[in-house]
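Numbering of ligands and ligand atoms starts at 1, following listing order.
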Amino acid sequence: MIASPSVTDPKLASLRSQFPVLERQVHGKPLVYLDNAATTQKPLAVLEALDTYYRRYNSNIHRGVHTLSEEATTAYEDARTRIARLINAASAKQTIFTRNATEAINVVAHSWGRANLGPGDEVLITEMEHHSNIVPWQILQEQLGFTLRYLPITDSGTLDLSQLESLLNQRTKLFAFVHVSNVLGTINPAADLVAAAHAVGALALVDASQSVPHMAVDVQALDADFLVFSGHKMCGPTGIGILYGKRDLLEAMPPFMGGGDMIREVKMSGSRWNTLPYKFEAGTPAIAEAIGLGAAVDFLQEVGLDWLWQHEHALTSYAYAQLSQVEGLRIIGPGPEQRGGLVAFTLGGVHPHDLSAVLDSDGIAIRAGHHCAQPIHDRLGIVASARASFYLYNTFEEVDKLVVGLEKAAQIFAF
Ligand code: 7TS
């Protein structure tokens, strides 16, 4: 257990020094970056990996028989291998590069979904999903005629597991759920939920966008059929994400997009598909970004996922305790023991956008709005919330600044 993640802690100070943006001032105040669930900042190792790629070996991959192309291909595939190891995929062929978690879910929806879903079938999601795990299924539902069901949440912001038995049944073909909620912070019992899906013959898709960046996630231990996440929430660049899938499922799925690289042979009469993972990587991919994500994985492993998790847990517990004492502040979601590194809240009748603007004037960045999870807000009877989300470089002092800023906002709006 880390007693106090403070700026004076040598490990933390050394980590912070690797993030150039943390030296910035905003409105004349040192930046306090508490919007990590939206995207994290990037360490030097990642910036340098991108820079080196473009300066030294920028080239297209899998095609050229020249030195630069070979170097780029090796770096791209090495990154894939490191990512596969991070999540303990049995093979790197099962980790497909996408643009982000959203695209990864859309690949499953449009490739697996179109081939396997129809009238009479059910897809189960939950009330705590990000829009990216709701809207693709709604679009598909209209076209294919299956039924989309929602596992409800309790008032305290955990899944209402008492309803699982009736909602997960022989008609369910897929249970797609979030591992850690980006609003409630709730950590769902992913392995149990996957097992429950398998018990009725359904597949399970885990949205690990808010778990892989923060904790050790083992796709084989979870027995997940599909698992998705984004690189930019784990120190990597934007524009790169991962779809993990079980090999037999991916082998059986038709391609989602057609084009270069995803084919073995193209004749005017028709085409044959490339092997995994290329079947799902049509066109020139985000080469620099994949290499940057590989560097981010190395960086996180050097930091240590256990350290990272404990650090965030200490910060979140502290924030939860401090925020609870602010008059009129209501935290959404369960207690600190059941949550990942974020806290969303409302403060009296102040609109979260106003809160965010007041905090910004003190250099504090939080997120305000519905965080792309409107159904949660509807369910809890609120329009929007404010959210502070933590990462490996945040400190206790930054939580204190947040609390002072919120008290100031409460005075300004005098509710
Ligand atoms: N799933 C969850 C649980 C998320 O938190 C997000 C992004 C996504 C999926 C989609 O990720 P993307 O990279 O494909 O956009 N969440 C947030 C957020 O909470 N604030 O901004 C983005």
Any idea how [X] and [Y] line up, ring-wise: parallel (<30°), tilted (30 to 60°), or perpendicular (>60°)?
{"X": "H214", "Y": "Y391", "answer": "perpendicular"}
{"X": "H377", "Y": "H371", "answer": "tilted"}
{"X": "H110", "Y": "F256", "answer": "parallel"}

Looking only at side-chain N and O atoms, does [Y] offer a donor or acceptor that is under 3.5 Å from a partner on [X]?
{"X": "N116", "Y": "D121", "answer": "no"}
{"X": "Q163", "Y": "S166", "answer": "no"}
{"X": "T39", "Y": "H232", "answer": "yes"}

For ligand 1, which atoms have a heavy atom of [X] less than 4.0 angstrom away?
{"X": "S230", "answer": "11 (O), 12 (P), 13 (O), 14 (O)"}
{"X": "K233", "answer": "6 (C), 7 (C), 11 (O), 16 (N), 17 (C), 22 (C)"}
{"X": "N182", "answer": "5 (O), 16 (N), 18 (C), 19 (O)"}
{"X": "T102", "answer": "10 (C), 12 (P), 14 (O), 15 (O)"}
{"X": "V178", "answer": "3 (C)"}
{"X": "A101", "answer": "14 (O)"}
{"X": "R367", "answer": "18 (C), 20 (N), 21 (O), 22 (C)"}

Close approach of [X] to ligand 1, heavy atoms, under 4.0 angstrom:
{"X": "E129", "answer": "no"}
{"X": "H131", "answer": "no"}
{"X": "A37", "answer": "yes"}

Any idea which protein heavy atom is nearest [atom], and the distance to it?
{"atom": "atom 1 (N) of ligand 1", "value": "D207 OD2, 2.6 Å"}
{"atom": "atom 5 (O) of ligand 1", "value": "Q210 NE2, 2.7 Å"}
{"atom": "atom 19 (O) of ligand 1", "value": "R387 NH1, 2.6 Å"}
{"atom": "atom 6 (C) of ligand 1", "value": "H130 CD2, 3.3 Å"}

Next on the checklist: What I want to know is whether H371 and ligand 1 share at least one N or O pair that is separated by under 3.5 angstrom.
Outcome noted: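 For ligand 1, there is no N or O atom that lies under 3.5 Å from one belonging to H371.
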
Checklist entry - What distance separates T395 OG1 from R16 CZ, expressed to the nearest 0.5 Å? => result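 Output value for this atom pair is 5.5 Å.
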
Item to check | L402 and its side chain to side chain contact (heavy atoms under 4.5 Å, CB included) partner, picked from I366, V343, D362 | outcome: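 Among I366, V343, D362, the one that satisfies the side chain to side chain contact (heavy atoms under 4.5 Å, CB included) with L402 is I366.
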
Item to check | side chain to side chain contact (heavy atoms under 4.5 Å, CB included) partner of H179, chosen from V228, V217, D207 | outcome: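 That would be V217; it is the only one of V228, V217, D207 passing the side chain to side chain contact (heavy atoms under 4.5 Å, CB included) with H179.
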
Checklist entry - Taking heavy atoms and a distance under 4.0 Å, where does H232 meet ligand 1: side chain, backbone, both or neither? => result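 Side chain only; the backbone of H232 stays clear of ligand 1.
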
Next on the checklist: One residue to check: S132. Relative to ligand 1, which of side chain, backbone, both or neither has a non-hydrogen atom less than 4.0 Å away?
Outcome noted: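 Only the side chain of S132 comes within reach of ligand 1.
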
Next on the checklist: Would the distance check show the side chain of Y393 and the main-chain N or O of Q41 forming a donor-acceptor pair, the cut-off being under 3.5 Å?
Outcome noted: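 Judged by distance alone, yes, a pair lies under 3.5 Å.
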
Checklist entry - Can R80 and E77 be counted as an ion pair, charged N to O under 4.0 angstrom? => result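 Looking at E77 together with R80, the answer is yes, because their closest N to O distance falls below 4.0 Å.
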
